[in-house]
Amino acid sequence: MTAPVYLDYAATTPVDARIVDALPGWLAADGAFANPSSTHIAGRQAAALVATAAEQVASVLGCEPGQLVWTSGATESDNLAILGAARYRAVRGRHVVTMPTEHKAVTDAFRQLEREGFDVTWLAPSPDGRLSLEALRQALRDDTQLVSIMHVNNETGVVQDIPGIASCCRDRGVLLHVDAAQSFGKLPIDVAAWPVDLLSITAHKIYGPKGIGALYVSGRPGSHIAPLFHGGGQQGGLRPGTLPAPLIAAFGLAAAIAADSMHRDHDHLSRLRKRFRDAIRDIPGLRHNSPDAGFPGIVNVSAGDVDGESLMLALEPLCVASGSACNSARHEPSGVLRALGLDDAEAQGAIRFSFGRQTTDREIDFAAARYRAALAKLREIAPGDAA
Amino acid sequence: MTAPVYLDYAATTPVDARIVDALPGWLAADGAFANPSSTHIAGRQAAALVATAAEQVASVLGCEPGQLVWTSGATESDNLAILGAARYRAVRGRHVVTMPTEHKAVTDAFRQLEREGFDVTWLAPSPDGRLSLEALRQALRDDTQLVSIMHVNNETGVVQDIPGIASCCRDRGVLLHVDAAQSFGKLPIDVAAWPVDLLSITAHKIYGPKGIGALYVSGRPGSHIAPLFHGGGQQGGLRPGTLPAPLIAAFGLAAAIAADSMHRDHDHLSRLRKRFRDAIRDIPGLRHNSPDAGFPGIVNVSAGDVDGESLMLALEPLCVASGSACNSARHEPSGVLRALGLDDAEAQGAIRFSFGRQTTDREIDFAAARYRAALAKLREIAPGDAA
Amino acid sequence: MVTDPYSAEVRRLFAAPAHAGTLPGAETVRAVAQGVDVELSLARDGDRVSALRFRARGCPHFLAAAEALCAGYEGRPVAELRAFRAAELVERLPVPIDKTGRILVLEDAVRSLGA
Amino acid sequence: MVTDPYSAEVRRLFAAPAHAGTLPGAETVRAVAQGVDVELSLARDGDRVSALRFRARGCPHFLAAAEALCAGYEGRPVAELRAFRAAELVERLPVPIDKTGRILVLEDAVRSLGA
Ligand SMILES: Cc1ncc(COP(=O)(O)O)c(C=O)c1O
Ligand SMILES: Cc1ncc(COP(=O)(O)O)c(C=O)c1O
Ligand code: FES
Ligand code: FES
């Protein structure tokens, strides 16, 4: 196999070298490997690791360490927030609101709520992919309990107006959950200033390990949620299980590094995006699915006249996504892109290029050239238009 | 702080040095860090890691790799099995069976089922801590759907007769879940030979990382379970979320190492147990809570005439558990020990010493001496018997 | 989770589709179904296939199958081409079970050549 | 999750309870409540505390408080000992809020000395 060129940072990222270097000190026999719930010396060392990490993550969100619940990742955080809040508040009302352009972890949680008898309003995006505050305001009812809207879309990079959405929700006494898996550590977030109640994050999108995430829970009156599972009483019973202190410490360090390099990263990604867009600008027949105002690390483009799977193969050794990563193993055209108005052909021919801290100009140039060549090749062998 | 002497291997273990060494190759930028659901080259490298790990874990259980569902640990596995099976089968009947001596992850899941209207039978252990097959047979009813019994008890080391229990259940068409968190990789398990339907395991008890576990699901007709949460369709929808391939690879390697050294480990632990027991044999007023036939890595002893918390402090720098780890942060006497017939005073004065692969004779001797001295000191300053 | 879905053979055929193209003035058929689209042109030399070319849009297995078909029948009797069965390519490449319907589209196109 | 629940002061007092013991023939009281058990013996020299000893069973904060009490009042007027308030030790050691009830058991014992 040729050495892969990885442009799929929106799916997952490699672990930062500084974290890899620190891990033995957290995992190994002479590290802080103990159970942080144990009262003995080794347990307290592990607890200290967790406390530091909680401060690091909290300071990136603008919250208190005690407002974080550690989970296995954003999928679990999304479900804990959505199922947990809706089920807890079901006695007050059973209307909940989201968008079809959310991540599967959110849309599938809402489909579960539908099966449980909740009434879900699916708000369509404006043509730019954003939720209009007017549409949201109209959707809120007296029995609305929960709204869930993502910050940055994982397929297109569209950024929602979370502060605006949050005010809308707070005005009406509705809980707001935000899936910030793609924005945490990359765009400023301030849950102290934005009236958000629940917010999901995950380490593996910011050069931390896979398998650890968190849910911010404001804890203000009325924001309580039901746990997904039960056990040893850890984390106030909201999310039990032996705390994986080394993973949490890694998440904390990843958050601290992300905060420190947020502006640098953003500039880097903006420059890469411009370079890539410039390089593919003259390719005919492309539809650009990522708005200029979107997160610069994601460029989604589609060609409706080529087969998506063949395009992926022709792009090798480029590692990019067709549809979202979780969809790529199946073969459905992305529901998110369909909701943005693409037809099936355009959606299945979409490629998401996503860049990261390690991405170089050379890789961008290689990707653009490869994309150009792959499209040319597939178009060349395709039959003419008259079918 | 004095360097801790760690005898709390039943709570959690340090990560094996071979795994620590392998992690950079799985986590770092030039490692197999990608999302194993991605179809591109990097994704397929990660998928290959997961496939190898699944084979390693499966071969220790005697099952097929495809019968494993990756979770965040045994707490989640226990809940997925218990809540998932009971909810899925609720239409057929709502009677379920377990024991009060199970881990909190099991008992709290059953308490949740009680809240959901299930009828739970709590079977008391025999004086030796084991479940009598006769008692189990009598408890099974026509509407019984699920039995959950642990293999090795985390507080005392009592080993249940899983093959016998499994036959009982299978005869009556009842699903059996086994919490094997404390036995996986330490005692032989053979799910192909024992008719077990669901079995929970976790990596961090066998020198793998915290934050990764698995549930074995036999998949035979009638053994289906409902997921706890919903999302990108990974693992057949049973447990979604980006698969943490590096943690899974670490779990696989930990399982392979455990299988390889199972007999050696068992002999080592048996020798340590004998040495420790011999060294404390003449201390007066002790109650031995771990049976001879139990798992040799756990020795639970109690002194009813000393305060448990003061005993823990007097034992420093020994790291041991009072009650189970998850209980130690709270201050309730262990429910497991109470169920075995200890009174409150004996239960709160219990100490669990648990040994591991790295435990040395010196540490055993140090522990025994420290325990003797701590008891002597606390007893000396205690008031006389006549209150 | 995915292992490599493409055999070395599929990769080879996909990477170098030497028989992609159209034969000007030759007999040409087109089949569009199941999300794939294929055009075959056949040039004969008596009852032999002197040249066989394809144009196609579809997944890698489909493109590889079209290439394999053209490469495999050039120089052979037209009657043998007519007897082409999708099953033979499905097995040889191989093509995953859920895609065999697409290879049948190729079989249909062959069948309608000179029909 | 736990940070060290014991201050350096509690650790010091717990590790070396110099005033643990009984004074033979001295005035002795015992209090048992809230899961703790304490015995105090007081020897006087006029209206001074010439010696104060304890025996106790309880958590580290309780043992430390008993030691601190005895160490703190030796040589002082009995009247001051009588005025002992649990609050002073709760603050000084310090003792976590959920355990202050136990220190009150100590206060009760002192109160009943020579009562
Ligand atoms: C927007 C969004 N939400 C949720 C998730 C799920 O996160 P995780 O893989 O940590 O479960 C992802 C990424 O996979 C994502 O991009
Ligand atoms: C018997 C038993 N079951 C379940 C668990 C929970 O495992 P985990 O910490 O992986 O959630 C443990 C250990 O904590 C255990 O000993
Ligand atoms: S496109 Fe060929 S199977 Fe998915
Ligand atoms: S025993 Fe003193 S508080 Fe737990």
Side-chain angles (χ1 to χ4, degrees), chain A residues 1 4 6 8 11-12 14-15 17 20 23-24 27-29 31 33-35 37-43 72-73 75-76 78-79 83 104-105 108-109 111-112 204 209-212 228-234 240-242 244-247 312 316-317 319-321 325-326 328-330 358, chain B residues 1 4 6 8 11-12 14-15 17 20 23-24 27-29 31 33-35 37-43 72-73 75-76 78-79 83 104-105 108-109 111-112 204 209-212 228-234 240-242 244-247 312 316-317 319-321 325-326 328-330 358:
Chain A
M1 271 196 234
Y6 191 80
D8 200 11
T12 194
V15 175
V20 173
L23 274 170
L27 291 167
F33 68 85
N35 181 344
S37 297
S38 298
T39 53
H40 51 57
I41 302 179
S72 62
T75 297
E76 186 185 338
D78 285 345
N79 277 268
L83 301 178
K104 285 256 179 196
D108 285 0
R111 275 185 230 293
Q112 172 63 21
H204 74 92
K210 277 165 277 297
I212 184 72
L228 293 173
F229 51 91
H230 309 270
Q234 294 94 345
T242 305
L247 296 182
M312 285 285 286
E316 280 189 6
C319 297
V320 292
C326 351
S328 342
R330 302 186 255 153
Q358 282 100 335
Chain B
M1 270 196 235
Y6 191 80
D8 199 11
T12 194
V15 175
V20 173
L23 274 169
L27 291 167
F33 68 84
N35 180 343
S37 297
S38 298
T39 53
H40 51 58
I41 303 178
S72 62
T75 297
E76 186 186 338
D78 285 345
N79 277 267
L83 301 179
K104 285 258 181 196
D108 285 0
R111 275 185 230 294
Q112 172 63 22
H204 75 92
K210 277 165 276 299
I212 184 72
L228 293 172
F229 52 90
H230 309 269
Q234 294 94 343
T242 304
L247 295 182
M312 284 285 286
E316 279 190 8
C319 298
V320 292
C326 350
S328 341
R330 303 185 254 152
Q358 282 100 336

**Study point:** Side chain, backbone, both or neither of A:Pro24 within contact of chain B (heavy atoms, under 4.5 Å)
**Key:** both

**Study point:** For A:Leu247 against B:Lys210, the heavy-atom pair lying closest together
**Key:** CD1-O, 3.4 Å

Check your understanding: Measuring heavy-atom distances to chain A, does B:Ile212 have an atom under 4.5 Å in its side chain, in its backbone, in both, or in neither?
Key -> neither

Practice item. Heavy-atom distances under 4.5 Å only: say whether A:Gln358 touches chain B with side chain, backbone, both or neither. Key: side chain

**Study point:** B:Pro240 versus chain A, the contacting section by heavy-atom distance below 4.5 Å
**Key:** both

Revision key, fill the gap. Taking every heavy atom of B:Cys319 against every heavy atom of A:Ala42, the minimum-distance pair comes out as SG-N, 3.5 Å

Exercise for review: Drop me the distance from A:Leu228's CG to B:Gln112's CD, to the nearest 0.5 angstrom.
Suggested key: 10.5 Å

Study note, to complete from the structure: Closest heavy-atom pair, B:Gly232 versus A:Asp108, reported as atoms and distance to 0.1 Å, is N-OD2, 4.4 Å

Revision key, fill the gap. If one checks every heavy atom of A:Phe229 against chain B at 4.5 Å, the contacting part turns out to be both

Revision key, fill the gap. Between A:Pro14 and B:Ala29 the two heavy atoms that sit nearest each other are CB-CA, 3.3 Å

Point to revise | Nearest heavy-atom neighbours spanning A:Ala11 and B:Ser38 | key: CB-OG, 4.5 Å

Check your understanding: Of all residues at least two apart in sequence or in a different chain, which pass the ring-ring contact (aromatic ring centres under 6.0 Å, His included) check with B:His230?
Key -> none

Point to revise | Pairs of heavy atoms under 4.5 Å with chain B: top-ranked of A:Asp78, A:Val320, A:Leu83, A:Leu23 | key: A:Val320

Study note, to complete from the structure: Closest heavy-atom pair, A:Asn35 versus B:Thr12, reported as atoms and distance to 0.1 Å, is N-CG2, 3.4 Å

**Study point:** Max heavy-atom pair count under 4.5 Å with chain A, selected residue of B:Ala109, B:Gly73, B:Ala34, B:Ala245
**Key:** B:Ala34

Review point. Which residues satisfy the side chain to side chain donor-acceptor pair (under 3.5 Å) test with B:Thr75, sequence neighbours excluded?
Key: none

